Amino acid sequence: EWKPSSHPTILLSTLPMTIPFILPILALLSTDVTAALFESKKKRKARLAAERAAIEAARLSKLFVIGRLELERRWVYAGLSTLAVVLLALFVQFQVKRVQLEEEEKKRRNNDKKILWDATKRNENGKAKILDVVVVGCGLPKANIGWFHLMQLLQMPNVQIRAVVEPYYLDRERCPHPPPSFVDFMGTLVDMDIPCYYHVGQLEPFRRPTLCILSGRTSENPKFFRECLGLGATHIYLEAPGAPTVSQLREMKTLADTRGVRVYMGYQTLAAKYVENAVALSRSIPNSHVFFCHNDTNQSADLHKIFFRHPEGLLRSMASYDLAILVSQYKVTANLIEKFKVNTNRLFSERKTFRNNAQGKELTDYSRVAFKITTKKGQHVSVMADRCGGLVSFAVVKNHKGEEIRRFESHDQSEVSDVRRQIKEDKEMNRQFIVQADDFLELKRRIVTGILSGKDDGRALELMNVVGIGEGIDVLILADYCTKEIDAVLKAGDCG
């Protein structure tokens, strides 16, 4: 058997032939790979750790690390770019919307000025009889009834606004920083040459027949009443209920009678078509029974605000308009009531108590109440007043058997849709102004027309369904009577 070790001559003779192959191998063995092949375990471990660290560093260089969260830089940059574009688009939209709102507000102000200007020019240039009117207690735009009266009066061609008195917001001591909306509105009135004062005493004595609209707080109206009489007012429109007490209202009537001044009460519900139609039908049916349901659009969550806004109580505020119908149209007075029955079902009557922690006061009143009155003359009338009853009020006429003959509603479906649209479009506007706008305007139209025609005596007021101060006293007495009777039946906690 041949063995290389045993044949050295052959091995040496083949060496030159192997050199070309050996040299590359030796070169390879001289590189890092050769070192790696023959490196120690410790060095190899260290080298691998360094390589892993380098790879990890390279990977991390492409990431954003937040705690345990790793985000690729390219996706972060892409997200930030997208967010920047979105924010820029939103900013542009916001600026466009802001400009639109400013234009709408400017347009509204210009429209108000146009209304005032047109009304002023029409009244100055018109040949028809013009009645001077002074509004006392203007209040805030879209919030207070005085402002709403003023806006409607300015659009009446037979009315000339001679002055506006606002005892709170125009008094710098009581209100050093009035709301911007009020300042803008007063500026518009001044531009139309309508004087604005904070006190009735600042006005010059009236030299022409003048109607004073008193829309201040109930507690302040008696003072405004005397001041207007002192200036020579010939007619006064007194916002219901007119005064805090029956005795004060009686004193006001006596003073007005002494000076020959006609006083009207602001019970505009009597001018509503559904009320007039129900009254007319009930009078044509022997022994009829009429049910008047007066609803308002307040939310249950806002009842505490309503209670403290009207501390005089439901019967002297909201329900007093229905009591005015009973007094003026059916001659129902407290001394003629034979039977008074309260509907104690919680769906019809509810008594609640709220506490104002800021003022430390507690107030108990009715969110809704329903009752039936039977007079000594055999008349049957029912009333329900619901602060959260909704938009539509109604009247139901029944025969002597209690069978419904006809139901009259304050608004039909198309009118309801229109009112809801207006409420949605102008959330700042007092909802009552939108719901009863036609009734408010019609009452003032009847009063102004009656004054200018000279037909504003007691009989004329009755035919126009306008309540005078005498009947206003009866309404206040009836409200106190109903409150006492209802309180006796519905104790706190019994209903609600």
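Note that the structure is a prediction, hence the values are computed from the model and not measured.
To the nearest 0.5 Å, atoms OG (Ser410) and OH (Tyr274) are separated by 5.5 Å. Arg172 contributes atom CZ, which lies 9.5 Å from atom CG of Leu170 (distance to the nearest 0.5 angstrom). Atom CD of residue Glu442 and atom CD of residue Gln152 lie 10.5 Å apart, to the nearest 0.5 angstrom. Considering CD1 of Ile161 and CG of Leu154, their distance stands at 5.0 Å, rounded to 0.5 Å. Remark: Phe354 CZ to Ser367 OG distance equals 7.5 Å, nearest 0.5 Å. Once rounded to the nearest 0.5 Å, the distance linking CD of Glu166 with OG of Ser215 reads 10.5 Å.
Between the side chain of Thr234 and the backbone N or O of Pro209 there is no donor-acceptor pair closer than 3.5 Å. Judged by distance alone, with hydrogens and angles left aside, the side-chain atoms of Arg262 form no donor-acceptor pair with the main-chain N or O of Ile451 at under 3.5 Å. The backbone N or O of Asp412 sits less than 3.5 Å from a side-chain atom of Glu415, completing a donor-acceptor pair. With hydrogens and angles ignored, the 3.5 Å screen pairs a side-chain donor or acceptor of Arg368 with a backbone N or O of Arg346. The closest donor-acceptor contact from the side chain of Thr449 to the backbone of Arg446 lies at 3.5 Å or more, if one exists at all. With hydrogens and angles disregarded, no donor-acceptor distance shorter than 3.5 Å links the side chain of Ser349 to the backbone of Asn345. Asp365 places a side-chain N or O within donor-acceptor distance of the main-chain N or O of Leu314, the cut-off being under 3.5 Å. Side-chain atoms of Arg259 come within 3.5 Å of backbone atoms of Leu229 as a donor-acceptor pair (strictly under, hydrogens ignored). The backbone N or O of Arg406 sits nowhere less than 3.5 Å from a side-chain atom of Glu404 that would complete a donor-acceptor pair. Checking side-chain atoms of Asn399 against main-chain N and O of Lys401 turns up a donor-acceptor pair under 3.5 Å.
Within a 6.0 Å sphere centred on NZ of Lys331, heavy atoms belonging to other residues, nucleotides or ligands number more than 12. Heavy atoms of other residues, nucleotides or ligands lying less than 6.0 angstrom from CZ of Arg355 number more than 12. No more than 12 heavy atoms of other residues, nucleotides or ligands sit less than 6.0 Å from atom OH of Tyr198. When the shell of 6.0 Å around CZ of Arg217 is examined, it contains 12 or fewer heavy atoms from other residues, nucleotides or ligands. Crowding of Glu362 atom CD: a count of heavy atoms from other residues, nucleotides or ligands under 6.0 Å exceeding 12. Within a 6.0 Å sphere centred on CD of Glu425, heavy atoms belonging to other residues, nucleotides or ligands number more than 12.
Looking at every heavy atom in both residues, Thr333 comes nearest to Asn335 through OG1-OD1, 2.6 Å. Across all non-hydrogen atoms, the minimal contact from Ala243 to Leu476 is O-CD2, 3.9 Å. Residues Glu239 and Ile145 share a closest heavy-atom pair of OE1-CG1, 4.0 Å. Nearest heavy-atom pair, Thr375 versus Glu338, reported as atom, atom and distance to 0.1 Å: O-OE1, 3.6 Å. Between Gly216 and Phe224, the closest heavy-atom pair is CA-CE1, 4.2 Å. Among all heavy-atom pairs drawn from Ala163 and Tyr197, the shortest one is CB-CE1, 4.1 Å.
Here the side chains of Thr269 and Phe292 are not in contact, with every heavy-atom distance at 4.5 Å or above. Under the 4.5 Å side-chain criterion, counting only non-hydrogen atoms from C-beta, Asn465 is in contact with Gln329. For the pair Arg208/Gln160, no side-chain contact is recorded, criterion being any heavy-atom separation below 4.5 Å from C-beta on. At a threshold of 4.5 Å between non-hydrogen side-chain atoms, the residues Glu350 and Leu490 do not count as touching. Between Phe394 and Glu409 there is a side-chain heavy-atom pair separated by less than 4.5 Å. Residues Ser317 and Arg309 fail the side-chain proximity criterion, which asks for heavy atoms closer than 4.5 Å. Leu270 has its side chain out of reach of Val466: every pair of non-hydrogen atoms, C-beta onward, lies at least 4.5 Å apart. In this structure, the side chains of Leu150 and Leu189 come closer than 4.5 Å at one or more pairs of heavy atoms.
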**Item:** Check against side chain to side chain contact (heavy atoms under 4.5 Å, CB included), His289 and Ser382
**Value:** CA-CA 8 Å; His289 175 206; Ser382 296; 2.7 Å; yes
**Asked** Can you check side chain to side chain contact (heavy atoms under 4.5 Å, CB included) on Tyr237 and Val133, steps first, answer last?
**Response** CA-CA 10 Å; Tyr237 178 109; Val133 176; over 6 Å; no
**Request:** In sequence, state the C-alpha distance, the side-chain angles, and the governing distance for Lys253 and Asp257, and then conclude on salt bridge (charged side-chain N to carboxylate O under 4.0 Å, His left out).
**Result:** CA-CA 6 Å; Lys253 180 181 183 302; Asp257 290 343; 2.7 Å; yes
**Prompt:** Is there a salt bridge (charged side-chain N to carboxylate O under 4.0 Å, His left out) between Asp418 and Arg421 once you walk through the steps?
**Reply:** CA-CA 5 Å; Asp418 184 56; Arg421 176 187 58 78; 2.4 Å; yes
**Request:** Give the intermediate values and the outcome of salt bridge (charged side-chain N to carboxylate O under 4.0 Å, His left out) for residues Lys223 and Glu220.
**Result:** CA-CA 6 Å; Lys223 180 186 69 172; Glu220 295 180 321; 5.0 Å; no
**Message:** Evaluate Phe185 against Met151 for side chain to side chain contact (heavy atoms under 4.5 Å, CB included), listing each step before the verdict.
**Reply:** CA-CA 11 Å; Phe185 184 65; Met151 293 304 294; 3.6 Å; yes
**Request:** Could you check Lys273 against Asp439 for salt bridge (charged side-chain N to carboxylate O under 4.0 Å, His left out), going step by step and ending with a plain yes or no?
**Result:** CA-CA 8 Å; Lys273 287 295 182 184; Asp439 303 338; over 6 Å; no
**Request:** Apply side chain to side chain contact (heavy atoms under 4.5 Å, CB included) to Val419 and Arg431, showing your working.
**Result:** CA-CA 9 Å; Val419 169; Arg431 291 184 178 184; over 6 Å; no
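A ring-centre distance under 6.0 Å is found for Phe340 and Phe371. Aromatic pair Tyr321/Tyr267: ring centres closer than 6.0 Å.
In summary, of the residues considered (Val369, Ile373, Leu326), a side chain to side chain contact (heavy atoms under 4.5 Å, CB included) with Val383 occurs for Leu326 alone. Screening Leu214, Val134, Ile213 for a side chain to side chain contact (heavy atoms under 4.5 Å, CB included) involving Cys228 leaves a single residue, Leu214.
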Considering only distance and modelled atom types, tabulate donor-acceptor pairs under 3.5 Å from the side chains of residues 295-307, sequence neighbours left out.
| unit_1 | atom_1 | unit_2 | atom_2 | d |
| --- | --- | --- | --- | --- |
| Asn295 | ND2 | Val392 | O | 2.8 |
| Asn298 | ND2 | Arg387 | O | 3.1 |
| His304 | ND1 | Ala301 | O | 3.2 |

